[in-house]
There are 2 protein chains.
Amino acid sequence: MGKGEYLGEFEQIVMIALAHLGENAYGMTIRGEIEKRAGRSVSIGAVYATLDRLERKGYVASWLADPTAERGGKAKRYFSLEPAGIIAIQRAREMLTNMWEGLDWDSHMRTL
Amino acid sequence: MGKGEYLGEFEQIVMIALAHLGENAYGMTIRGEIEKRAGRSVSIGAVYATLDRLERKGYVASWLADPTAERGGKAKRYFSLEPAGIIAIQRAREMLTNMWEGLDWDSHMRTL
DNA sequence: GCTATATTTTCTATTTTGTAGAAAAAGGAC
DNA sequence: GTCCTTTTTCTACAAAATAGAAAATATAGC
């Protein structure tokens, strides 16, 4: 895609989920947030692969947390939005808004 | 992607452009509409590749027109949205709306 | 008819995204 | 130490995005 200039569909979804979760964003909660809001099941592998790509692009940051004493398990890796990521997701949103703007959608509804 | 269950980012853009253009949607005008609204330059190859994919999925239909006497050139291939396409693009829009809904975006603006 | 020119679509190749799911880590409980 | 539980890693592959040169094909002029 040129050089990854624009956010893909799933990348957008992941970033918005991150924004909603705030301090509590890590693999499993991110996946849950997406399933809840988008009403769409996603594999955990898809979430991490996307998160890794987003991190490489400088849109999100991650760090390992100390293991909490909740009940065992590997340490969580938390994620947060980086300034560049916030700009990117805003841009993606605006672009879509501009695309939809002024559409006389009803004229297409006849076909339904 | 499962089995192409969801629309990709550019697929959405192309379909919305199609909706705006109505009767006058063919390769070149679609590309122009995207550049105008999304403010993003796209190669003609990207447009057609996406249109072909969308047609294979049954989201858009296309047909060759008689060559108009405007000034030579190959016959135009017009495109239009199919009912299934309209449903798909609506769904994609709703999904994104649900993702954005209720986001306390300001709390993230601090970083900017 | 031939040539130049304009318009639009095709084709080919490659990179980036999207996706799944099994395997690996690693801490707590007993 | 062995067995759960939670979470991340890894591997492999399918689909989407993208570019741009090449091919088609019609009109105009001579």
Side-chain angles (χ1 to χ4, degrees), chain A residues 1-15 17 21 24-32 34-35 38 40-57 59-60 62-79 88 92 95, chain B residues 1-15 17 21 24-32 34-35 38 40-57 59-60 62-79 88 92 95:
Chain A
M1 262 147 242
K3 328 77 156 178
E5 225 177 325
Y6 302 101
L7 292 175
E9 193 239 6
F10 196 58
E11 289 181 321
Q12 289 182 43
I13 291 175
V14 168
M15 298 234 283
L21 290 165
N24 196 37
Y26 63 95
M28 310 307 276
T29 55
I30 293 168
R31 173 204 211 173
I34 294 172
E35 298 196 323
R40 148 181 181 177
S41 79
V42 291
S43 73
I44 190 63
V47 174
Y48 279 106
T50 301
L51 248 8
D52 286 341
R53 272 180 213 132
L54 253 15
E55 184 167 42
R56 257 179 266 131
K57 295 185 192 170
Y59 291 161
V60 309
S62 77
W63 64 93
L64 273 338
D66 296 328
T68 54
E70 283 163 22
R71 177 68 188 82
K74 199 172 177 180
K76 291 170 184 162
R77 182 175 161 206
Y78 283 98
F79 292 85
M95 204 239 288
Chain B
M1 263 144 241
K3 329 81 159 176
E5 222 176 328
Y6 302 101
L7 292 174
E9 193 239 5
F10 196 57
E11 289 180 321
Q12 291 183 42
I13 291 176
V14 168
M15 298 236 282
L21 290 165
N24 196 37
Y26 64 95
M28 310 306 276
T29 54
I30 293 168
R31 174 204 212 173
I34 294 172
E35 298 197 322
R40 147 181 181 177
S41 79
V42 292
S43 73
I44 190 63
V47 174
Y48 280 105
T50 301
L51 249 8
D52 286 341
R53 216 184 300 132
L54 253 15
E55 184 167 44
R56 256 179 270 131
K57 294 186 192 171
Y59 291 161
V60 310
S62 75
W63 63 94
L64 273 340
D66 296 327
T68 55
E70 283 164 19
R71 177 66 189 87
K74 201 172 178 181
K76 292 171 185 163
R77 183 176 162 206
Y78 284 97
F79 292 85
M95 204 243 286

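As a basis for the values below, the full set of heavy atoms in this structure was taken, side chains included, without hydrogen atoms, waters or symmetry mates. Reminder, nothing fancy here: chain letters follow the sequence lines and each chain counts from 1.
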What's the CG-P distance between L51(A) and dG18(C), to the nearest Å?
12 Å

Within this structure, what is the OH-to-C1' distance between Y6(B) and dA14(D), rounded to whole angstrom?
16 Å

Between P of dT7(D) and CH2 of W63(A), the distance in whole Å:
16 Å

Rounded to whole angstrom units, what separation is found between the CG atom of D52(A) and the C1' atom of dT16(C)?
15 Å

Regarding R40(A), tell me which of base, sugar-phosphate or nothing describes its non-hydrogen contacts under 4.0 Å with the strands shown.
sugar-phosphate

Provide the closest heavy-atom pair for A46(B) versus F10(B) in the form atom of the first, atom of the second, distance.
O-CE2, 3.7 Å

Just compare dT18(D), dA16(D), dG18(C) and give me whichever is closest to any side-chain atom of E11(B).
dA16(D)

Residues that A25(B) engages under side-chain contact (heavy atoms from CB on, under 4.5 Å), provided they are two or more places apart:
L18(B), L21(B), I30(B)

Within the pair R77(B) and dT10(C), is there a side-chain N or O less than 4.0 Å away from OP1 or OP2?
yes

Would you kindly give the CG-to-P distance between L21(B) and dT8(C), to the nearest whole Å?
13 Å

I'd like a list of close polar pairs between nucleotides 21-23 of chain C and the protein, N/O only, cut-off under 3.5 Å.
none

Pairs: protein N or O with nucleotides 4-7 of chain C N or O, under 3.5 Å:
unit_1 : atom_1 : unit_2 : atom_2 : d
dT7(C) : O2     : K74(B) : N      : 3.2

Which heavy atom of V47(B) sits nearest a heavy atom of R31(B), and at what distance?
CG2-CB, 4.1 Å

Check: R56(B) side chain, dA15(D) base, donor-acceptor under 3.5 Å:
no

Using 4.0 Å as the upper bound for N to carboxylate O, is an ion pair formed by E55(A) and R77(A)?
yes

M15(B) and A88(B) have their tightest heavy-atom pair at CE-CB, 4.4 Å

For V60(A), the option from T50(A), L54(A), D52(A), V14(A) that meets side-chain contact (heavy atoms from CB on, under 4.5 Å):
L54(A)

Before accepting this row, confirm whether a basic side-chain N of the pair R40(B)/E9(B) lies closer than 4.0 Å to the acidic partner's carboxylate O.
yes

Search all heavy atoms of L7(A) against all heavy atoms of A92(A) and return the closest pair with its distance.
CD1-CB, 4.2 Å

From CD1 of I30(A) over to P of dG18(C), roughly how many Å is that when rounded to an integer?
15 Å

Between S41(B) and R53(B), the residue closer to the 5' end of DNA chain D by nearest nucleotide is R53(B)

Atom CD1 of I34(A) and atom P of dG18(C): how far apart are they, to the nearest Å?
11 Å

Flag, side chain of S62(B) to backbone of F79(B), donor-acceptor distance under 3.5 Å
no

Spacing between L7(B) atom CG and dA16(D) atom C1', to the nearest angstrom
11 Å

